[in-house]
A.B. asks: 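A single structure is presented below for examination.
Only this structure's heavy atoms are used, side chains among them; waters, hydrogens and symmetry mates stay out. Residue numbering restarts at 1 for every chain, and letters A, B, ... go by the order of the sequence lines.
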Number of protein chains: 2
Amino acid sequence: MSSDDLAPEDAVTETTDADRFTNARAIRSTALFEDYTELIADLTEEFGEARITDIARRLGVTHPTANKAVLRLKREGLAISRPYRGVFLTEAGVAMAKAVKARHRLVVRLLIAVGVPPEAAEMDAEGIEHYVSETTLKAFEAYLDGRD
Amino acid sequence: MSSDDLAPEDAVTETTDADRFTNARAIRSTALFEDYTELIADLTEEFGEARITDIARRLGVTHPTANKAVLRLKREGLAISRPYRGVFLTEAGVAMAKAVKARHRLVVRLLIAVGVPPEAAEMDAEGIEHYVSETTLKAFEAYLDGRD
DNA sequence: ACGGAAATGTAGCCGATGCTATATTTCAAA
DNA sequence: TTTGAAATATAGCATCGGCTACATTTCCGT
Ligand SMILES: [Mn+2]
Ligand SMILES: [Mn+2]
Ligand SMILES: [Mn+2]
Ligand SMILES: [Mn+2]
């Protein structure tokens, strides 16, 4: 199980356990932003703007929690807003939302394709989506195309 | 896209967006414990005990971080240890480790089965594993059995 | 036009999870 | 048996992401 089994002499770049965990930690720290941008995009499409109250209700958190998260989004250049007004995504925010939404849908489609009940697929995808790499995404696409 | 499209009069239990996000938040708060118990089980099998230094190195964190996490594990009844000695899992810890390891392997197997390169499968599984429900797990098993 | 309810903002608390710096303990080599 | 290096523990700092309580602003109905 140890990563130096059969360690070769030449300069192969090994993926260590630490690499995997470090990757997962990095993703964990951006997952919340991904959910916020995706949600703000949805609300903007539905209502023309994303109100703090609606964001909080959809996420199942209190409004101060949503407010604080939006402050972080603004600090990171993903959103803009004026006091007591709706929240809007920046270019970067829109780009993130688009990518996240595409991933979300693709993960759900794949789960359903391998036999996961739609309800469970939707539920699990909300967490899984953030950890699916580009490589895996491509594989999902290829799998979904090349069947039936 | 709104969840009250075609809302029925009778008492169907709807899964709201908030339910999904709340579920994902709950899982996020246990994911780290799952990684720790799985890792401690591995190290115990390899070396007869899990030393703080080894835990920290495998996870890619500093040893004070690992130490503090082990304190939380102990508080939650998942591990035991005496000062300056190795860490061991309790019954509950072993049970968690077993379940997590089974999930980890199954997720990797499924990803590979749908065409994800093994390297990427291992990498992504480290995050994905925590969000796979029992229902989805069963579906993965069925899928892996019922092919070839 | 205004008064009150709803929405939004802010202050402050908490635990989790990371870090660095420092203290303490263990253990093996000399 | 001593002692120094490695391992472990602890102290203290920071950010994140939850919460409650309270302050402020907006806006709708009368
Ligand atoms: Mn999500
Ligand atoms: Mn999503
Ligand atoms: Mn993991
Ligand atoms: Mn794992």
A.B. asks: Find out whether B:Glu46 and B:Asp54 are in side-chain contact, i.e. whether some heavy atom of one side chain is under 4.5 Å from a heavy atom of the other.
C.D. replies: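 B:Glu46 vs B:Asp54: side chains apart.
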A.B. asks: Rounded to the nearest 0.5 Å, what separates atom CG in A:Leu59 from atom CZ in B:Arg20?
C.D. replies: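 So the gap between those two atoms works out to 10.0 Å.
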A.B. asks: Under the ring-ring contact (aromatic ring centres under 6.0 Å, His included) rule, what pairs show up with a residue in residues 120-144 of chain B, not counting sequence neighbours?
C.D. replies: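 ring-ring contact (aromatic ring centres under 6.0 Å, His included) check on residues 120-144 of chain B returns A:Tyr131-B:Tyr131.
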A.B. asks: With the sugar-phosphate defined as primed atoms, P, OP1 and OP2, and the base as all remaining atoms, what B/S/- string results for nucleotides 18-27 of chain D, 5' to 3', for protein heavy atoms under 4.0 Å?
C.D. replies: BBBB--BSSS
A.B. asks: Tell me the closest heavy-atom pair linking A:Phe47 and A:Arg58, and the distance in Å.
C.D. replies: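 For A:Phe47 and A:Arg58, the tightest heavy-atom pair comes out as CE1-NH2, 4.3 Å.
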A.B. asks: Closest heavy-atom contact between B:Ala92 and B:Gly77?
C.D. replies: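 That would be CB-O, 3.9 Å.
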A.B. asks: Of all the heavy-atom pairs spanning B:Gly115 and A:Ala139, show the shortest one and how long it is.
C.D. replies: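 Between these two residues, the closest heavy atoms are O-CB, 3.6 Å.
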A.B. asks: Separation of A:Leu71 atom CG from D:dC16 atom P, in whole Å?
C.D. replies: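 Taking CG of A:Leu71 and P of D:dC16, I get 11 Å after rounding.
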A.B. asks: Can you confirm whether the side chains of A:Thr15 and B:Glu119 place a donor and an acceptor under 3.5 Å from each other?
C.D. replies: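 The answer is yes; a qualifying pair exists.
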A.B. asks: Can you establish whether the number of heavy atoms outside A:Lys138 located under 6.0 Å from its atom NZ is more than 12?
C.D. replies: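 No - once you tally the heavy atoms of other residues, nucleotides and ligands closer than 6.0 Å, there are 12 at most.
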A.B. asks: Please state how far atom CZ in A:Arg75 lies from atom C1' in D:dA14, giving the value in whole angstrom units.
C.D. replies: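 In whole Å, D:dA14 C1' and A:Arg75 CZ are 12 Å from each other.
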A.B. asks: Below 4.0 Å from chain A heavy atoms, what is the first contacting nucleotide of DNA chain C and what is the last?
C.D. replies: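 So the contact region on DNA chain C extends C:dA7 to C:dG18.
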